[in-house]
Student: 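Here it is, the structure in full.
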Amino acid sequence: KTVSAVGSRCLLGLKLSCTGVSGPCYLQKVKTNIWNGCKPLVYTPNIAFSTYRKQFIRAFSLKYTYEDAFGLARDNPEEFWSEAAEGITWFEQFVGGKMNMCYNAVDRHVENGRGDQAAVIYDSPVTGTKQVITYREVQEQASRLAGVLVRHGVKTGDLVVIYMPMVPQAMFTMLACARIGATHSLIFGGFASKELSVRIDHAKPKLLVTASFGVEPGRRVEYIPLVEKALELSSHKPHKVLIYNRPSMEKVSLHPDLSLDWEEEMATARPHNCVSVPAHHPLYVLYTSGTTGTPKVWWAASDLGWVVGHSYICYGPLLHGNTTVLYEGKPVGTPDPGAFFRVMSEHGTASMFTAPTAIRAIRQQDPQAEHGKQYPLSRLRNLFVAGERCDIETLEWAKRSFGVPVLDHWWQTESGSSITASCVGLGCSRTPPAGTAGKAVPGYNVTVIDDEMQQVKPRTLGNIVVKLPLPPGAALSLWQNQTLFKELYFTKFPGYYDTMDAGFVDEEGFLYIMSRSDVHRCPRRGSVLLHSAVVDCDVVGLEDPLKGHVPLALCVLRNDCQRSADVLVNEMVKSVRDTIGPVGAFKKVVFVKALPKTRSGKIPRSSLANLVNHKPYEISPTIEDPEVFKDIEKVLRETVKEPGK
């Protein structure tokens with residue numbers, strides 16, 4: 001459903017297309033022959049496009065079961081994607097189809113009478129701000145901002161770096177870039193200057209867009225000193241820096257020759273129309289370690305800097321004419337563990353996405369969800385989780401607390417959208433087996449193979465790969481490095497995309513993701529997480545003079561846990577022995593306040609392993625709370641001896 005594009009890992013930018021679709025098109029005022037024997041189609045502008053779109057989506061959902069859709073996408077992808085392509089507007093006919101992402105996400109909804117519908121709900125507990133922004137208002141802001149970019153030399157094919165907090169202006173900038181065919185690279189606001197400079201040198205932006213401040217619970221983050229330092233360190237210099245000064249805060253600027261003020265520029269800007277670009281035109285670069293006609297509110301509790309933010313906060317919901325929630329806050333502490341419940345209740349959220357880490361944080365501080373109980377969730381239908389493997393205890397707690405099915409799914413920055421999921425719109429079960437990430441989404445032919453490229457038996461751990469070709473919206477390349485792109489993803493297993501993830505498939509085709517490169521730790525971690533008192537855990541290798549390494553679990557307990565440490569450790573050791581046997585060699589547990597996590601919920605295991613073994617370690621700039629490392633160090637000094645002692 002979500003037409004999107006993607007990024008990469010390891011400080012390597014992935015070049016993505018607007019769609020990458022090869023199929024038919026709606027062509028205004030032109031008769032269009034649909035490929036693969038479909039009937040000729042005439043699109044008449046006088047008949048609302050939304051009518052065609054609703055009819056198509058309804059027919060597509062009713063026509064196919066999951067099995068039908070998956071089979072057609074696997075066996076006849078041209079026909080499958082030809083039908084899917086009818087759901088968006090094309091400017092020119094295939095082959096070489098042209099379109100514009102901003103037009104599809106915004107303008108067409110305005111043209112078809114939905115301009116007054118809410119497009120974005122901005123909810124910022126850290127500033128006490130709530131704002132509803134309509135599709136017409138988004139169109140006005142994006143078109144005028146596009147005019148600002150063009151006036152200062154940004155053209156189709158240029159790149160713009162966006163370094164902003166979770167504010168609507170960040171989304172306007174993304175859409176403005178897409179409007180004129182400029183590629184955008186969104187970097188987390190507050191990112192360290194050194195890391196920002198690396199990305200500036202790699203991406204070589206024509207212009208940088210930033211804000212005056214970011215706001216975190218209890219503190220402000222000054223962006224301009226970070227930008228100034230980054231520009232000092234970088235060899236590439238953007239032509240201009242556009243600064244959005246946040247309301248009710250002091251106004252800031254850079255050197256007059258470099259600095260542009262958002263408000264001043266927008267006041268005199270001329271709106272710019274959407275330009276036509278090829279379907280494979282790069283949309284963005286990322287860096288990373290219903291039938292009633294009623295608009296549905298969708299909330300992805302993530303950050304615009306992650307691929308989730310691109311696909312699930314910005315482009316995906318707007319492409320479908322939904323209302324999307326842009327949340328500037330935390331799952332806890334803004335002001336309490338009821339924050340997520342409040343947002344969903346207040347804005348009538350129908351579906352939500354978040355990471356298991358966020359749910360664990362809520363569960364730790366409010367085990368009985370007492371804060372959440374005061375907010376009715378009458379419109380909530382589904383809660384989707386991804387970003388890391390969701391343990392069964394967290395999954396079941398979320399089901400009880402939110403009162404809806406909780407559906408785990410799996411994707412990567414490189415895919416831009418789900419690789420496996422429970423496709424509710426295609427009739428998939430909303431009660432899949434616990435621990436699964438769903439089945440392969442139509443278009444992704446997922447299989448599990450051994451190192452000799454032989455398909456393994458059900459429930460056998462192996463390498464998760466995707467048979468080529470990849471579907472539309474997946475990565476086209478690493479930014480300016482096609483050779484490395486092929487080497488990283490397509491060399492080890494020829495004919496497949498190597499996800500670099502490990503897992504297994506059961507007899508019914510459900511996929512279970514176990515880990516990336518650290519498979520040996522996952523069974524123990526999963527066993528420890530089965531304990532009712534544990535809300536989060538990781539297992540690392542502790543150096544041992546006799547055995548080389550022994551497993552050490554770092555556990556975060558529920559706030560209301562009153563049991564003694566000795567009892568808890570014994571129960572956890574027994575749980576590991578019962579689930580994976582004595583071979584687990586598991587005896588050591590340390591209790592900590594929190595684990596270090598990136599903003600997407602991933603644990604920096606190499607840094608954590610170095611910390612545990614008293615070695616120098618690096619703190620990634622993507623870590624949500626660097627102070628966690630100091631807390632863990634203090635606990636380890638009191639409980640764990642250095643190697644050999």
Side-chain angles (χ1 to χ4, degrees), residues 1-2 4-7 9 120-126 162-168 170-171 173-174 184-191 214-216 284 286-289 297-320 322-334 339-341 343-344 347 349-362 380 382-390 394 398 402 406-419 421 437 597-603 620-625:
K1 285 187 173 182
T2 299
S4 58
V6 299
R9 292 186 171 88
V120 180
I121 297 174
Y122 172 51
D123 190 307
S124 173
V126 293
I162 306 171
Y163 182 68
M164 301 185 81
M166 290 284 285
V167 293
M171 288 183 64
T173 308
M174 296 168 69
H184 61 74
S185 180
L186 200 149
I187 299 169
F188 295 113
F191 223 43
V215 183
E216 298 286 338
Y284 61 80
L286 270 181
Y287 295 83
T288 176
S289 50
V297 179
W298 164 265
W299 179 28
S302 183
D303 192 294
L304 284 169
W306 293 112
V307 65
V308 168
H310 286 53
S311 295
Y312 277 7
I313 296 177
C314 184
Y315 292 115
L318 297 184
L319 280 168
H320 282 267
N322 299 138
T323 300
T324 182
V325 176
L326 181 68
Y327 178 69
E328 188 181 24
K330 305 290 184 183
V332 297
T334 56
F340 276 18
F341 296 86
V343 171
M344 288 187 284
H347 303 306
T349 303
S351 292
M352 177 195 175
F353 163 89
T354 190
T357 292
I359 297 177
R360 293 191 194 105
I362 298 170
L380 186 65
N382 300 292
L383 176 62
F384 298 93
V385 295
E388 57 173 314
R389 185 173 182 268
C390 186
T394 298
F402 292 97
V406 179
L407 303 171
D408 200 355
H409 62 308
W410 168 63
W411 57 331
Q412 299 180 327
T413 306
E414 293 85 348
S415 67
S417 57
S418 301
I419 300 175
K597 298 283 185 78
T598 66
R599 297 189 188 188
S600 67
K602 293 181 173 60
I603 298 171
S620 165
T622 63
I623 294 298
E624 188 79 40
D625 182 8

Student: At their closest point, which heavy atom of L326 faces which heavy atom of V167, and how far apart are they?
Tutor: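 Answer, listing the atom of L326 first, then V167: CD2-C, 3.3 Å.
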Student: For K330, is there any backbone N or O sitting under 3.5 Å from a side-chain donor or acceptor partner on T334?
Tutor: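 Checking the backbone N and O of K330 against the side chain of T334, a donor-acceptor pair under 3.5 Å is found.
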Student: Grab the two heavy atoms, one from A361 and one from V332, that are nearest each other, plus how far apart they are.
Tutor: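 Looking at all heavy atoms of both residues, the closest pair is O-CG1, 3.7 Å.
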Student: Please check if the side chain of N322 supplies one atom and the backbone of T324 the other of a donor-acceptor pair under 3.5 Å.
Tutor: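 Not confirmed, N322 side chain does not pair with T324 backbone.
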Student: Atom CE of M164 and atom CE of M171: how far apart are they, to the nearest 0.5 Å?
Tutor: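 Interatomic distance, M164 CE to M171 CE, rounded to 0.5 Å: 12.5 Å.
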Student: Could you label the plane-to-plane angle of the F341 and F402 rings as parallel, tilted or perpendicular, counting under 30° as parallel and over 60° as perpendicular?
Tutor: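 F341 and F402: parallel rings.
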Student: Any idea which heavy atoms bring A386 and P356 closest together, and the distance?
Tutor: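 For A386 and P356, the tightest heavy-atom pair comes out as O-CD, 3.4 Å.
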Student: Could you walk me through whether L304 and M174 pass the side-chain contact (heavy atoms from CB on, under 4.5 Å) test, one step at a time?
Tutor: CA-CA 10 Å; L304 284 169; M174 296 168 69; 4.0 Å; yes
Student: Checking the side chain of S415 only, and the main-chain atoms of S417 only, is there a donor and an acceptor separated by less than 3.5 Å?
Tutor: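 Confirmed, S415 side chain pairs with S417 backbone.
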Student: Is the ring pair F191/F188 parallel, tilted or perpendicular, if the boundaries are 30 and 60 degrees?
Tutor: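 Answer is tilted, since the angle falls between 30° and 60°.
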Student: Counting C-beta onward and ignoring hydrogens, is there a side-chain heavy-atom pair between I313 and M166 closer than 4.5 Å?
Tutor: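 A side-chain contact exists here, since the closest heavy-atom pair is under 4.5 Å.
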Student: Does the side chain of P125 reach to within under 4.5 Å of the side chain of Y327, using non-hydrogen atoms?
Tutor: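 Side-chain contact under 4.5 Å: yes.
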Student: Which pair of heavy atoms, one from F340 and one from P331, lies closest together, and at what distance?
Tutor: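 Heavy-atom minimum between the residues: CE1-CA, 3.4 Å.
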Student: Run the side-chain contact (heavy atoms from CB on, under 4.5 Å) test on V385 and T354 for me, step by step, so that the C-alpha distance in whole Å, both residues' side-chain angles and the decisive distance to 0.1 Å come before the verdict.
Tutor: CA-CA 5 Å; V385 295; T354 190; 4.2 Å; yes
Student: Looking only at heavy atoms, which two atoms of E328 and S124 are closest? And how far apart?
Tutor: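 Nearest pair, atom of E328 first, then S124: OE1-OG, 2.7 Å.
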Student: If you round to the nearest 0.5 Å, how far is CG of L286 from CD1 of I187?
Tutor: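 So the gap between those two atoms works out to 9.5 Å.
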Student: Do S418 and Y312 have side-chain N/O donor and acceptor atoms under 3.5 Å apart?
Tutor: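 On atom types as modelled, these side chains qualify, holding a pair under 3.5 Å.
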Student: Can you measure from NZ (K597) to CD1 (I623) and round to the nearest 0.5 angstrom?
Tutor: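 Answer for the NZ-CD1 pair, K597 versus I623, is 10.0 Å.
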Student: To the nearest 0.5 Å, what is the distance between CG on L380 and OG on S351?
Tutor: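 With rounding to 0.5 Å, CG (L380) is 7.0 Å from OG (S351).
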Student: Could you give the distance from OG1 (T323) to CH2 (W298), rounded to the nearest 0.5 Å?
Tutor: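 Those atoms lie 13.5 Å apart.
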Student: Determine the interplanar angle of the Y315 and H184 rings, folded into 0 to 90°, and report it as parallel if under 30°, tilted if 30 to 60°, perpendicular if over 60°.
Tutor: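 Because their plane-to-plane angle is under 30°, the rings of Y315 and H184 count as parallel.
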Student: If I compare all heavy atoms of S311 with all of G416, which pair ends up nearest, and what's the gap?
Tutor: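 That closest heavy-atom pairing would be OG-O, 2.7 Å.
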Student: Quick one: CG on D408 to CZ on F384, what's the gap to the nearest 0.5 Å?
Tutor: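 Separation between the atoms: 11.0 Å.
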